[in-house]
2 protein chains.
Amino acid sequence: MVKITDVARRAGVSPSTVSYVLSGKRSISAATQRRVEASIRELGYRPHAGARALASSRSNVLALVMPLRSGIHLPVQMQFAGAVATTARGHDHDVLLLTQEEGEDGLRRVADSALVDALIVMDVQLRDARAPLLRALPLPSVLIGFPAEADGLTCIDLDFTATGETCVSHLAQLGHRCVALLGSPPEVYARGTGFAQRTAAGFTAAARRYGMTSTVLPCEPTRAAARETVDRLLHDHPDLTGAVVHNEPALPLLTEAFQQAGMRVPEDLSLVAVCPDELAENAAVPVTSVAIPAAEVGERAVELLMAKLNDRPVPDATLLPPVLTRRASTAPRASAS
Amino acid sequence: MVKITDVARRAGVSPSTVSYVLSGKRSISAATQRRVEASIRELGYRPHAGARALASSRSNVLALVMPLRSGIHLPVQMQFAGAVATTARGHDHDVLLLTQEEGEDGLRRVADSALVDALIVMDVQLRDARAPLLRALPLPSVLIGFPAEADGLTCIDLDFTATGETCVSHLAQLGHRCVALLGSPPEVYARGTGFAQRTAAGFTAAARRYGMTSTVLPCEPTRAAARETVDRLLHDHPDLTGAVVHNEPALPLLTEAFQQAGMRVPEDLSLVAVCPDELAENAAVPVTSVAIPAAEVGERAVELLMAKLNDRPVPDATLLPPVLTRRASTAPRASAS
DNA sequence: GCCATTCGTCGAAGCGCTTCGACTCGAAGG
DNA sequence: CCTTCGAGTCGAAGCGCTTCGACGAATGGC
């Protein structure tokens, strides 16, 4: 194994000089710099991560806590993880994978043992037991999603309230007057997953503002539940012409259910989804949708963390604006039926 | 930060004794052991990972190289990653996430800097550029999948040859005489992804052995391609009564295409899939399938790595036997049509 | 009852790096 | 011309842990 003293000897300098070339923390003459860099290259030197961490008390590793229980749409998570890993590498950091299961102890463990410098926590619930812990830890962290009590924490997510509004607004502009939000299964709401509530709130508020009739219904991602939900919805609101689906796995099932109930998309019913673009594009009828900007969230999360690690100030809350892409599933309301 | 000397002082022993209690590398009297453990608990001591890595030249971290390009079925990957993380934790190791993109340099980097003790590489291709590197590295590694030249490497995967055979065998026992394998898109075969070839080989060999007529066709995961593939297949083999699908995203599309072509499942066509159980169970008609044992592969991969780290001998190749689960999509061939 | 072990513990020497103070040298300032 | 300063470099002191050899005490064999 080649070490810093080897590099130093070959370059005719002291180890500390090599270190300073590497870190840039002191000025080095151009000539020395060149010699040292050549020496590093020729020997294929790579600093020992442990030694570096010990001496500098920086491990250059971020922890990423992922919900490996399925449920949340996987592709979104993968995109997110990929963006985190890639962005972290761009800042000379690596990513340690922690599972949700490890819970608070896991966070404490990697923090106390100085395995990582900072934490990214995904799938944050409204009442998340990890929130107080993260506040107390000496390590910087970024949460994906917002707990009920977010002060003192740095959080980032798609702006779901605005997302609900955007969907309604799009339908309103097309002339729709009676709309519904088909959301996540009841247990997601019960679990207190903030985004579900927020979308519903934005949806309802915007509908009221536009003077539209609106309903919010949860929906299990099964064929039967989709069928039943749609039937009930159409029974209660026979003049329904617009629907927003915020439930990825149920999207195809609901589409199918609407069609079986005699509603053609988009002729009789305009459909907007909140889901990854990929899914919206590949549906039988491409669906107008607000994308989940997973990659951007991941990238921004890492940037926030890097800022915090370098004592740069960061905003407490980062809400990414929703972007609605029009596809074939929405159309102006048939003027007079 | 509480360190080993603090623990030692409070327990009335030397730091080395604390270290030996922690590692169990020397015998310690029960009384001392108890005092030290109490001291550790009371102070909430956690060894500094960097210091430990430096002194012991063991980081207790495994690298997991994941293909974050999508394509391969995501849920399978997630299950796999989850199993790796969980099993690693069971052996007191953590998992560092590397993306496929980082390629060989990434492997070299984490190896040379002693960031990790061992490597798990997913999505191995038949002609994988990383194979020679892994052979040369001083770190133990396990590959998920088999490269063409596998000697000197430790590999693990589902036994795809046996999988192809198992599917045929199941169909044969049900009386089918003319069967087809609908596989991955052509580019997967071209890329040299071993598992596709191996399934086809097992399938073809078994069909010959049973004296059955057999065909192998690739299929793109699009509605149009599925339609076309099925039409061609039925045109060329009008007496087809059994099909094996080894292409997760195309499974629903192919099922649909068969039905549109007038083949009811399982009355007219018995369908076997090679796919995660979850997918097979939730199809419109639950599909008889050979599961991809992602979790088991992940777990076994870590176990293999741990064995290698402890200088225990391990087999070069581990092939997990396929397990076929009967569901509603296969039935005896209609005796006389 | 004496020597040879074994058991349990300690002290000290690193592991490879960063960083702080100190030092040298040449340029700038009075 | 002497002082002051900054740029550039070095040496040494750790960072917190593991591990090796050594040592005293207890044990067992003869």
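Everything quoted here is computed from the prediction, not taken from an experiment. By convention in this document, chain letters (A, B, ...) are assigned in the order of the sequence lines, proteins followed by strands, and residues within each chain are numbered from 1.
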task: Calculate the interatomic distance between Leu54(A) atom CG and dC17(D) atom P; express it in whole Å.
output: 9 Å

task: Could you verify whether a donor N or O on one side chain and an acceptor N or O on the other, from Ser16(B) and Ser19(B), lie under 3.5 Å apart?
output: no

message: Check this for me, if you would: do Arg41(A) and Glu37(A) make a salt bridge, where the nitrogen-to-carboxylate-oxygen distance has to be below 4.0 angstrom?
response: no

- request: Verify the contact: side-chain N or O of Ser19(A) to OP1 or OP2 of dT18(C), cut-off strictly under 4.0 Å; return yes or no.
  value: yes

- prompt: Less than 4.0 Å between a side-chain N and a carboxylate O, is that true for Lys3(B) and Asp6(B)?
  reply: no

- prompt: Roughly, in whole Å, what's the span from CZ in Arg58(B) to P in dT18(D)?
  reply: 13 Å

query: Does Lys25(A) have a side-chain nitrogen or oxygen under 4.0 Å from the phosphate oxygens OP1 or OP2 of dT18(C)?
result: no

For atom NZ of Lys3(A) and atom C1' of dC17(C), their distance in whole Å: 11 Å

field: Distance in angstrom units between Ile4(B) CD1 and dC10(C) C1', rounded
entry: 13 Å

query: Is the shortest distance from a Lys or Arg side-chain nitrogen in Glu102(A) or Arg109(A) to a carboxylate oxygen in the other one below 4.0 Å?
result: yes

- prompt: Ser59(B) and Asp117(B): side-chain donor and acceptor closer than 3.5 Å?
  reply: yes

Please list, for nucleotides 7-11 of chain D, all pairs of protein and nucleotide N/O atoms separated by less than 3.5 Å.
{"unit_1": "dG8(D)", "atom_1": "OP2", "unit_2": "Ser27(A)", "atom_2": "OG", "d": "3.0"}
{"unit_1": "dT9(D)", "atom_1": "OP1", "unit_2": "Ser29(A)", "atom_2": "OG", "d": "2.9"}
{"unit_1": "dT9(D)", "atom_1": "OP1", "unit_2": "Thr32(A)", "atom_2": "OG1", "d": "2.2"}
{"unit_1": "dT9(D)", "atom_1": "OP2", "unit_2": "Ser29(A)", "atom_2": "N", "d": "2.9"}
{"unit_1": "dT9(D)", "atom_1": "OP2", "unit_2": "Ser29(A)", "atom_2": "OG", "d": "3.4"}
{"unit_1": "dT9(D)", "atom_1": "OP2", "unit_2": "Thr32(A)", "atom_2": "OG1", "d": "3.4"}
{"unit_1": "dT9(D)", "atom_1": "O4", "unit_2": "Arg26(A)", "atom_2": "NH1", "d": "2.7"}
{"unit_1": "dC10(D)", "atom_1": "OP2", "unit_2": "Ser14(A)", "atom_2": "N", "d": "2.8"}
{"unit_1": "dC10(D)", "atom_1": "OP2", "unit_2": "Ser14(A)", "atom_2": "OG", "d": "3.4"}
{"unit_1": "dC10(D)", "atom_1": "OP2", "unit_2": "Thr17(A)", "atom_2": "OG1", "d": "2.5"}
{"unit_1": "dC10(D)", "atom_1": "N4", "unit_2": "Arg26(A)", "atom_2": "NH1", "d": "3.4"}
{"unit_1": "dG11(D)", "atom_1": "O6", "unit_2": "Ser16(A)", "atom_2": "OG", "d": "3.2"}

- prompt: Does a side-chain heavy-atom distance below 4.5 Å link Ile120(A) with Val302(A)?
  reply: yes

- prompt: Asn60(B) CG to dC17(D) P: how many Å, rounded?
  reply: 14 Å

- line: Atom CE of Met1(B) and atom P of dC15(D) are separated, to the nearest Å, by 11 Å

- prompt: So does Arg52(A) get a side-chain nitrogen or oxygen closer than 4.0 Å to the phosphate oxygens (OP1/OP2) of dT18(C)?
  reply: yes

